Asker: 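After the structure tokens below, expect a handful of questions from me.
None of the values given here were measured: they were computed from a predicted structure. All ligand and atom numbering here is 1-based and tracks the order in the structure.
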Amino acid sequence: MTAKIIAVVNQKGGAGKTTTSMQLAGTIARRGYKVMVVDADPQGSATRWAASAEDASPFPASVVGLSAANEKVHREVKKFIEDYDFIIIDCPPAADSPVPQSALIIADLALVPILPSPLDMWAAVGIKQVIEHCSTVNETLQARLMLNQTQANTTLSQESAEVLSEFGIPLAKTQISQRQIYRQSAAFGVTVHDLPKASAAIKEIESLVDEVFAVLGIRKGKKR
Ligand SMILES: Nc1ncnc2c1ncn2[C@@H]1O[C@H](COP(=O)(O)OP(=O)(O)OP(=O)(O)O)[C@@H](O)[C@H]1O
Ligand SMILES: [Mg+2]
């Protein structure tokens with residue numbers, strides 16, 4: 001096996017990189033794939049997320065802390081590439097770190113969660129440039145923007161989707177809504193699947209995984 005690598009990146013902090021990384025990783029693992037999360041952020045949020053799981057039901061993907069590798073993170077990740085079906089790299093904000101550039105050298109997909117606010121959309125120009133720069137070396141790199149923390153039927157979410165559709169990086173059809181359950185997932189070290197009253201959130205996350213699989217050319221459904 002050779003892992004498909006997804007780098008979750010953005011210029012700014014707080015856009016939902018760790019939330020997206022962990023929900024994606026856990027959901028793909030639940031479909032029977034072997035998944036590793038690379039915690040490339042010195043804050044260690046992905047590591048803490050997984051550590052918050054109960055011993056009896058560990059987080060379904062393994063989490064490895066590689067933030068110390070800095071701009072050489074791509075070399076460290078390569079060492080695991082034959083051992084996993086998917087490697088998801090949770091990056092620190094690109095404005096503060098060389099890690100995203102390094103991750104994008106080996107990624108198959110750059111996934112960019114973005115909040116539906118003008119400030120966040122302006123800042124996204126920065127990550128677009130990083131992605132374009134890395135594409136000159138990594139010619140098969142694909143990229144998707146993904147709206148996170150949307151609120152149903154607000155004009156801001158709708159306008160954001162319209163603006164981003166012309167941004168130059170395709171916008172994922174799936175949007176992740178603002179929901180308390182995404183915060184609870186981190187507290188309990190799980191994906192939304194393990195929490196009560198989760199059906200709407202599960203639907204979003206499963207749809208995101210379907211979309212990611214389509215971009216990466218992977219057949220839908222379970223591996224085993
Ligand atoms: N869809 C959502 N609904 C509700 N809360 C969310 C959602 N996505 C993220 N959050 C919350 O927003 C905050 C920032 O999210 P997260 O930590 O995933 O972002 P990040 O991009 O990884 O941040 P950093 O740049 O600090 O690593 C967290 O408190 C998280 O629980
Ligand atoms: Mg984070």
Side-chain angles (χ1 to χ4, degrees), residues 6-27 37-53 59 61 63-68 70 73 88-104 110-117 119-124 126-127 130-131 143-154 156-157 160-161 164 171-195 197-209 211:
I6 304 166
V8 184
V9 293
N10 201 332
Q11 193 75 355
K12 280 185 72 169
K17 297 178 292 296
T18 302
T19 301
T20 304
S21 297
M22 295 302 279
Q23 298 290 352
L24 261 186
T27 303
V37 176
V38 171
D39 187 352
D41 186 340
Q43 285 184 105
S45 315
T47 306
R48 285 201 195 133
W49 185 312
S52 303
F59 191 78
V63 180
V64 174
L66 291 179
S67 68
N70 284 313
V73 77
I88 297 174
I89 311 177
D90 178 22
C91 292
D96 313 333
S97 164
V99 165
Q101 286 226 33
S102 171
L104 291 171
L111 189 59
V112 186
I114 184 164
L115 301 179
S117 100
L119 295 172
D120 287 78
M121 296 195 297
W122 293 332
I127 197 66
V130 175
I131 291 170
R144 291 290 183 278
L145 296 170
M146 183 206 85
L147 275 170
N148 182 32
Q149 299 217 36
T150 56
Q151 287 169 293
N153 304 321
T154 61
L156 198 53
S157 293
S160 300
L164 292 176
L171 181 65
K173 283 194 247 4
T174 309
Q175 299 184 2
I176 305 298
S177 311
Q178 185 173 64
R179 299 179 197 278
Q180 211 47 43
I181 198 166
Y182 288 116
R183 299 179 179 195
Q184 289 162 354
S185 298
F188 293 107
V190 297
T191 65
V192 287
H193 302 78
D194 294 317
L195 294 171
K197 298 195 185 134
S199 58
I202 292 173
K203 209 172 149 201
E204 284 175 352
I205 293 297
E206 292 286 346
S207 151
L208 179 64
V209 172
E211 216 177 326

Asker: Between Arg144 and Glu211, does the salt bridge (charged side-chain N to carboxylate O under 4.0 Å, His left out) criterion hold? Intermediate values first, please.
Answerer: CA-CA 10 Å; Arg144 291 290 183 278; Glu211 216 177 326; 5.2 Å; no
Asker: Compare all side-chain heavy atoms of Asp194 with those of Phe188 and state whether any distance is below 4.5 angstrom.
Answerer: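 Sidechains of Phe188 and Asp194: no contact.
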Asker: Picking from Val190, Thr19, Asp39, what satisfies side-chain contact (heavy atoms from CB on, under 4.5 Å) with Trp49?
Answerer: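 So, applying the side-chain contact (heavy atoms from CB on, under 4.5 Å) to Trp49 and each of Val190, Thr19, Asp39, only Thr19 qualifies.
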Asker: Please determine whether Thr18 has a backbone or side-chain N, O or S atom lying under 2.8 Å from the Mg ion (ligand 2).
Answerer: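 A backbone or side-chain N, O or S atom of Thr18 is under 2.8 Å from the Mg ion (ligand 2).
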Asker: Anything with a heavy atom under 4.0 Å from ligand 1 counts, so go ahead and list those protein residues by chain and number.
Answerer: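 Around ligand 1, where the cutoff is 4.0 Å for heavy atoms, the contacting residues are Gly13, Gly14, Ala15, Gly16, Lys17, Thr18, Thr19, Asp41, Gln43, Pro93, Asn148, Gln149, Ile176, Ser177, Gln178, Arg179, Tyr182, Arg183.
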Asker: Mind checking whether Lys12 and Pro93 have side chains closer than 4.5 Å, heavy atoms only?
Answerer: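 They are not in side-chain contact.
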Asker: Do Thr27 and Thr191 pass the side chain to side chain donor-acceptor pair (under 3.5 Å) test, and can you show the C-alpha distance, the side-chain angles, and the key distance before you say yes or no?
Answerer: CA-CA 7 Å; Thr27 303; Thr191 65; 4.9 Å; no
Asker: Name all pairs fulfilling the salt bridge (Lys or Arg N to Asp or Glu O under 4.0 Å) condition that reach into residues 44-53, sequence neighbours left out, sorted by first residue then second.
Answerer: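 Qualifying pairs, neighbours excluded: none.
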